Participant: 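A single structure is presented below for examination.
Owing to the predicted nature of the structure, the values given are computational and were not obtained by experimental measurement. Because only heavy atoms are used, hydrogens play no part in the values below, and waters and symmetry mates are left out as well, while side chains stay in.
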Amino acid sequence: MTAADTLTIVLAQMTQAVGNLAANADAMRSVRARHSDADLILYPELQLIGYPPEDLVLKPALATRAATLLAELAAETADGGPAMLVGSVEWEEGSLYNIVALLDGGKIVATRRKHELPNYGTFDEKRVFAPGPLPDVVEWRGVKLGLPICEDGWLPAVCRHLADQGAELLISVNGSPYEIDKDDRRLTQVFASRVAETSLPLIFLNRIGGQDELVFDGCSFILNADGSTAHRLTDWEPEERVTRWTKGDRRWVCEAGAITEWEAHPADIYSAMILSLRDYVERNGFPGVVLGLSGGIDSAICAAIAADALGPDKVWCVMLPSRFTSQESLDDAAGCAGMIGCRLDTIPIVPAVEAFDAMLAGSFADRDVDITEENVQSRIRGVTLMALSNKFGPMLLTTGNKSEMSVGYATIYGDMAGGYNPLKDAYKMTVFAVARWRNENVPRLSRNPVAPVMPDRIITKPPSAELRPDQKDEDSLPPYADLDNMLHMLVEEEASVDDVVARYGFDRDAVVRIERLLMLAEYKRRQAPPGVKLSTRNFGRDRRYPITHGFRTG
C-alpha cells in the first residue's frame, strides 16, 4: 500500500492546566516525542490554554501568548515527525475564536473555528467566543479531514456539512465534563448518530482532570463508518492510544483495539470526587486538607475521599464535641480516622459555647433557646477549623450534601465554611450509596488502598447534627429517600409541586414546604464553596436562580 492508504493516529487523552500555557505546550511536546513514528497526534479541545478558560481568555495577553506558543509548536514539526492537531484560540478583528490548528511540516497548515457555541448548563461560550462559519474540510497528506470541535459534533449541522464537502474522517476534540451516565450517552446516542447520518468514521477525544467545579472523565472512543466501536479509551486516567487506519474501497477503517470497560455507578461518582478534589487541592498549592469529623456519614465519606485523593498523610480530621455529642459519635469518628489512617485531633467546643452564652446572655435574656444557639455551635466549629487552616495551611473541606444544601439544612459561616465540598452535588441517598460501595471496594484512583474506611454503624445509624438533645435529621425533614425524590424533581426536572405529588403521592403540604425551603436557601448556596458537578443540574453552574423572587408552584 502507498503511504496515503495507511495512517497512524495517536489519541492523547490528557489533562490540562488552565492558563498555564507553557506547561500545556510542554506536555504536548512530551507526547509527540514518545510517538515519533506516528502520522498525527490529536489533543483535546483548547489543550494549549485549558478548558474552560471562562473570562480569563478575554485577557489579550493570553491570546498573544497562545499565538506565540502555537507558532513555536508548528515550527517544531519541521523535523519530519508527526503532525499535531492542537486546540487554541485566535483573535481576528476584535473577535475571539475557539479553534483547532493542524501543525505539520514546520507550519500551521490550517485552522478551523468552532461553529456551535454551547450556552446552557455549565457552558457559557457565547460570552467569550464568536462563532466560526460552517467549517471547510482540511486536506492533509491526501486525506480530507472534518474537524468538528466539541459542540459541533453534538448537533448534526456541522458534521452533515463536512460530509457534503467530501470529508473522509471526522475528528472531534472535546472538553466534555462528567455527568452521571454521560459517557454512554456520548457514545451510543450523540456520536453514533453523527456516524449514522454521515456514514463516516469518527474519533471522539476528550480531556481528563478537574477544573474548579467540573471534572472531565475522558472516555474517548473511535467509531467506524458502520457504527462499530473500534477503540474505547479508559475513563479518568491519561492514555495515549495508538490507532492504525487503512483506506480500502475508498473508505477509512480503524483497526480494532482495546475496548476498555468504563466504571459503573457508584464507582464513577466516587472517581469524579477523587479526581476533582485532587486537582483542586494540588493545583491551588494547598499542602493537604483539614475537616471536622463528626462521627456522621457525610464527614466520614469526605475524609475517605480526601485520603483517596491526596493520601492519608495529607488529611487532618478534627473532632469538635459539644455537650450534645454522644459517646457513639466520638467512637465512630475515632474508628473512621483509624481505618483511613489519617490524623485525628479532638478540640472540645464547650468552653467557647459557654463564653458565647455568657456574652449573649443580656441580649437573649427574654428569648427562649432555639436554633440560634444551635447555629452558634456550628459557627464555633467553623471558626476553629478555619483557625487551623490559617495557622497550618491545609484547605478546609466542607461536608454538606446536596439534600441539605437544597433546603438550607446547613449553617452559613458554620459548617458551610471552607474551600471545597466533595458532596455539594451528591444527594443524601447518593452519599449512602458511595459510602457502602467504598467500604467494600478500593477505588482505582486511590492513594489509600484500604477498605473498609468507616465503621458500619456510621452508615446505618439515623443522621443527626447533634446540636440539641436526641436530635435527628428526620425530626425536621422528610425521610431522605422521600426528600431526594422531591428534590430531584424540583431541581433536576424543574417540576411543579403538583407534578411531584402526582408522581409519588406525597402529602402536598410537605412538598410545598420543601419547595419553599429550596427557594429560601438560594442566598446560602450563593455563598457556599465550590464542589464537583455530578448531575445535570448542579447548584451554581447549571442552576442559576435569583436570590430574591416570589414565584412558587405550590
Participant: Do any N or O atoms from the side chain of D415 and from the backbone of G400 form a donor-acceptor pair under 3.5 angstrom?
Facilitator: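 Side chain of D415 to backbone of G400: no pair is present.
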Participant: Indicate the atoms forming the closest heavy-atom contact of S299 with G292, along with that distance.
Facilitator: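 Nearest heavy atoms, S299 then G292: CB-O, 3.2 Å.
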Participant: What are the two closest heavy atoms between P177 and R186, and how far apart are they?
Facilitator: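 Smallest heavy-atom distance, with atoms named: O-NH2, 3.4 Å.
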Participant: Kindly state whether the ring of W154 and the ring of F191 have centres lying under 6.0 angstrom apart.
Facilitator: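 Distance test on ring centres: under 6.0 Å, yes.
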Participant: Roughly how far, to the nearest 0.5 Å, is the NE2 atom of H35 from the CD1 atom of I41?
Facilitator: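 With rounding to 0.5 Å, CD1 (I41) is 6.5 Å from NE2 (H35).
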Participant: Relative to the ring of F221, is the ring of W262 parallel (under 30°), tilted (30 to 60°) or perpendicular (over 60°)?
Facilitator: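 Ring orientation, 0 to 90° scale: tilted.
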Participant: To the nearest 0.5 angstrom, please state how far the CG atom of L147 sits from the NZ atom of K114.
Facilitator: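 The distance works out to 14.0 Å.
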Participant: Decide salt bridge (Lys or Arg N to Asp or Glu O under 4.0 Å) for R251 and D226; before the verdict, give the C-alpha distance in whole Å, the side-chain angles of both, and the deciding distance to 0.1 Å.
Facilitator: CA-CA 11 Å; R251 175 177 289 182; D226 63 1; over 6 Å; no
Participant: Taking side chain as C-beta onward, heavy atoms only, is D55 less than 4.5 Å from V128?
Facilitator: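 Yes, at least one pair of side-chain atoms sits under 4.5 Å.
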Participant: Checking the side chain of N448 only, and the main-chain atoms of P312 only, is there a donor and an acceptor separated by less than 3.5 Å?
Facilitator: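 No: the side chain of N448 does not pair with the backbone of P312.
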Participant: Any idea how W316 and F392 line up, ring-wise: parallel (<30°), tilted (30 to 60°), or perpendicular (>60°)?
Facilitator: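 Perpendicular, since the angle between the ring planes exceeds 60°.
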Participant: Please lay out, stage by stage, how T430 and K402 fare under the test side-chain hydrogen bond (donor to acceptor under 3.5 Å, both in side chains).
Facilitator: CA-CA 9 Å; T430 302; K402 189 173 184 177; over 6 Å; no
Participant: Report yes or no: does R525 contribute a side-chain atom to a donor-acceptor pair with the main-chain N or O of M405 at less than 3.5 Å?
Facilitator: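 Checking the backbone N and O of M405 against the side chain of R525, a donor-acceptor pair under 3.5 Å is found.
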Participant: Passes side-chain contact (heavy atoms from CB on, under 4.5 Å), I180 versus H265? Steps please.
Facilitator: CA-CA 8 Å; I180 295 170; H265 301 322; 3.1 Å; yes
Participant: Can you tell me if R65 has over 12 outside heavy atoms packed within less than 6.0 Å of its CZ?
Facilitator: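 12 or below, so no.
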Participant: Is it true that Y43 and Q16 share a donor-acceptor pair across their side chains at a distance under 3.5 Å?
Facilitator: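 Absent: no donor and acceptor within the cut-off.
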Participant: Compare all side-chain heavy atoms of P394 with those of L388 and state whether any distance is below 4.5 angstrom.
Facilitator: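 A side-chain contact under 4.5 Å is absent here.
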Participant: Under the side-chain hydrogen bond (donor to acceptor under 3.5 Å, both in side chains) criterion, do T15 and R283 qualify, and how do the steps go?
Facilitator: CA-CA 12 Å; T15 191; R283 291 181 178 182; 2.8 Å; yes
Participant: Return yes if some donor-acceptor pair links the side-chain N/O of T243 with the main-chain N/O of I9 below 3.5 Å, else return no.
Facilitator: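 Yes.
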Participant: Apply salt bridge (Lys or Arg N to Asp or Glu O under 4.0 Å) to residues K314 and E282 and explain how you reach the verdict.
Facilitator: CA-CA 11 Å; K314 295 184 178 179; E282 294 182 350; 5.0 Å; no
Participant: Decide yes or no on salt bridge (Lys or Arg N to Asp or Glu O under 4.0 Å) for R141 and D104, but give the supporting numbers first.
Facilitator: CA-CA 10 Å; R141 300 189 187 182; D104 194 23; 3.0 Å; yes
Participant: About how many Å separate CZ of F216 and CZ of R207, when rounded to the nearest 0.5 Å?
Facilitator: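 If we round to the nearest 0.5 Å, R207:CZ and F216:CZ are 5.0 Å apart.
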Participant: Taking side chain as C-beta onward, heavy atoms only, is W245 less than 4.5 Å from I222?
Facilitator: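 W245 vs I222: side chains touch.
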Participant: For residues C150 and Y51, determine if any side-chain heavy atom of one lies less than 4.5 Å from a side-chain heavy atom of the other.
Facilitator: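 No; the side chains remain at least 4.5 Å from each other.
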Participant: Is there a side-chain hydrogen bond (donor to acceptor under 3.5 Å, both in side chains) between S220 and Q13 once you walk through the steps?
Facilitator: CA-CA 7 Å; S220 305; Q13 178 175 284; 2.7 Å; yes
Participant: Using a strict cut-off of less than 4.0 Å between a Lys/Arg side-chain nitrogen and an Asp/Glu carboxylate oxygen, indicate whether E179 and R541 qualify as a salt bridge.
Facilitator: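 Judged by the 4.0 Å cut-off on N to carboxylate O distance, E179 and R541 do not form a salt bridge.
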Participant: Out of curiosity, S193 OG to L155 CG, how far, rounded to the nearest 0.5 Å?
Facilitator: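 Result: 11.5 Å between the selected atoms.
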Participant: Distance only, no hydrogens: is a donor on one side chain within 3.5 Å (strictly under) of an acceptor on the other, for D425 and S535?
Facilitator: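 On atom types as modelled, these side chains qualify, holding a pair under 3.5 Å.
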Participant: Quick one: does D136's side chain get under 4.5 Å of Q165's, heavy atoms only?
Facilitator: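 Heavy-atom side-chain distance check passes, below 4.5 Å.
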Participant: Determine yes or no for a side-chain-to-main-chain donor-acceptor pair under 3.5 angstrom, with R112 supplying the side chain and V137 the backbone.
Facilitator: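 At least one qualifying donor-acceptor pair exists.
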Participant: Using the rule given for side-chain contact (heavy atoms from CB on, under 4.5 Å), can you reason through L277 versus D308, listing the C-alpha separation, both sets of side-chain angles and the distance that settles it, and then say yes or no?
Facilitator: CA-CA 10 Å; L277 180 61; D308 286 324; over 6 Å; no
Participant: Which atoms form the tightest heavy-atom contact between T198 and C159, and what is the distance?
Facilitator: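 Looking at all heavy atoms of both residues, the shortest contact is CG2-O, 3.6 Å.
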Participant: Could you go step by step and tell me if T399 and D298 meet the side-chain hydrogen bond (donor to acceptor under 3.5 Å, both in side chains) rule?
Facilitator: CA-CA 6 Å; T399 62; D298 294 328; 5.9 Å; no
Participant: Taking it one step at a time, do V491 and Y427 satisfy side-chain contact (heavy atoms from CB on, under 4.5 Å)?
Facilitator: CA-CA 11 Å; V491 176; Y427 288 112; 3.8 Å; yes
Participant: Can a donor-acceptor pair be found between the side chains of E263 and S271 at a distance below 3.5 Å?
Facilitator: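 Judged by distance alone, the side chains do pair up.
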Participant: If you compare all heavy atoms of F129 against all heavy atoms of P53, which two are closest, and at what distance to 0.1 Å?
Facilitator: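 Between these two residues, the closest heavy atoms are CZ-CG, 4.3 Å.
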Participant: State, to 0.1 Å, how close G257 and H231 come at their nearest heavy-atom pair, and which atoms those are.
Facilitator: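 What the structure gives for the nearest pair is CA-CE1, 3.3 Å.
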Participant: Apply side-chain contact (heavy atoms from CB on, under 4.5 Å) to L275 and Y178, showing your working.
Facilitator: CA-CA 11 Å; L275 189 55; Y178 168 80; over 6 Å; no
Participant: Is there a donor-acceptor contact under 3.5 Å from the side chain of R444 to the main chain of W236?
Facilitator: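 Judged by distance alone, no pair lies under 3.5 Å.
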Participant: Hey, is the main chain of G153 close enough, under 3.5 Å, to the side chain of R194 for a donor-acceptor pair?
Facilitator: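 Yes, the answer is positive, given that a donor and an acceptor are paired below the 3.5 Å cut-off.
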Participant: Using side-chain heavy atoms (C-beta onward) and a distance below 4.5 Å, is E255 in contact with T246?
Facilitator: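 With C-beta onward as the side chain, the pair touches.
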Participant: Between R160 and E197 (side chain of the first, backbone of the second, donor and acceptor by atom type, cut-off under 3.5 Å), is there such a pair?
Facilitator: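 Answer holds: yes.
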Participant: For T8, does its backbone N or O pair with a side-chain atom of D39 as donor and acceptor, under 3.5 Å?
Facilitator: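 Such a contact is found between D39 side chain and T8 backbone.
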Participant: Taking all non-hydrogen atoms of both residues into account, name the closest pair between L310 and D313 and its distance.
Facilitator: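 Where L310 meets D313 most closely, the heavy atoms are O-OD1, 4.3 Å.
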Participant: So, do T122 and K533 sit near enough that their side-chain heavy atoms are less than 4.5 Å apart?
Facilitator: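 Counting from C-beta outward, T122 and K533 do come under 4.5 Å.
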Participant: To the nearest 0.5 Å, what is the distance between CG (L162) and CG (D152)?
Facilitator: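 Spacing of CG (L162) from CG (D152) equals 8.0 Å.
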Participant: Checking R32 against E76 for the salt bridge (Lys or Arg N to Asp or Glu O under 4.0 Å) test, could you report, in this order, the C-alpha distance in whole Å, the side-chain angles of both residues, the deciding distance, and whether it holds?
Facilitator: CA-CA 10 Å; R32 187 172 185 268; E76 292 166 18; 5.8 Å; no
Participant: What do you reckon, is CZ of R526 surrounded by more than 12 foreign heavy atoms closer than 6.0 Å?
Facilitator: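 Yes, because the 6.0 Å sphere around CZ of R526 holds more than 12 heavy atoms from other groups.
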Participant: Output the distance between atom CD (Q47) and atom CG (L85), rounded to the nearest 0.5 Å.
Facilitator: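 With rounding to 0.5 Å, CD (Q47) is 11.0 Å from CG (L85).
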Participant: So does P60 get a backbone contact from the side chain of T64, meaning a donor-acceptor N/O pair under 3.5 Å?
Facilitator: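 Pair found, side chain donor or acceptor close to backbone of P60.
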Participant: Quick one, S406 and F539 - any side-chain contact, counting heavy atoms below 4.5 Å?
Facilitator: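 S406 vs F539: side chains touch.
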